[in-house]
Structures are given as structure tokens and as C-alpha cells.
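Before any comments, here is the structure.
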Amino acid sequence: MKYTVVFHRTEEGISVSVPGLPGCWSEGETEEDALTNIQDAIREYLAAVAEMNRDRETHEIDVAV
């Protein structure tokens, strides 16, 4: 899957958010670190959502953009 991420640069490093996943943030000292860390954050976010919906009826759909 592909997600758009937004870099927020400060003097301390780079924070990264995922607009499509509200509340999904990470950070790193370099772009490479930030991208690696946000990938982990996305995996953890999606795992938490899957667990929250484990006992609910769910469906997957394709959406062309």
C-alpha cells in the first residue's frame, strides 16, 4: 500500500504525519530515519485498527483515484 506522508522539519529533526491515518506520527533525525520510523508507525496503526475491528463485520473495497 502507498500512503502520503508529510514532513514537518524543525531544528531537532523531522516529524512525519500520515494525513490518511489520523494520529499516525513518527520522527527521525534524518529523512531516512523518519521514513523508516513512519513505516513502523503505519504498520502498528493498521494492526491496532484491525484488532479494534476484529469482531466486527468488515469488507475491503477498491477505490480508483
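Here the structure is a predicted model, which is why all the values come from computation and not from measurement. This chain uses plain numbering: 1 for the first residue, then up along the sequence.
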Say you draw a straight line from CE of Met1 to CD1 of Ile42; how long is it, rounded to the nearest 0.5 Å? 9.5 Å
Arg54: side-chain contact (heavy atoms from CB on, under 4.5 Å) partners, not counting sequence neighbours: Glu51
Ser15 side chain near Thr10 side chain, heavy-atom distance below 4.5 Å: no
Output yes when a side-chain donor or acceptor of Tyr45 lies under 3.5 Å from a complementary backbone atom of Trp25, and no otherwise. no
Show every donor-acceptor pair shorter than 3.5 Å between a side-chain atom in residues 33-41 and any protein atom, with sequence neighbours excluded, or say none if there are none.
unit_1 : atom_1 : unit_2 : atom_2 : d
Asp33  : OD2    : Thr30  : OG1    : 3.3
Thr36  : OG1    : Glu32  : O      : 3.0
Asn37  : ND2    : Glu27  : O      : 2.6
Asn37  : ND2    : Asp33  : O      : 3.2
Asp40  : OD1    : Arg43  : NH1    : 3.0

Applying a strict under-4.5 Å side-chain criterion to I, L, V, M, F, W and Y, I'd like to know whether Val6 and Tyr3 cluster together. no
Donor-acceptor pairs under 3.5 Å, side chain of residues 56-65 to any protein atom, not counting sequence neighbours: which ones?
unit_1 : atom_1 : unit_2 : atom_2 : d
Arg56  : NH1    : Asn53  : OD1    : 3.0
Glu57  : OE2    : His59  : NE2    : 3.0

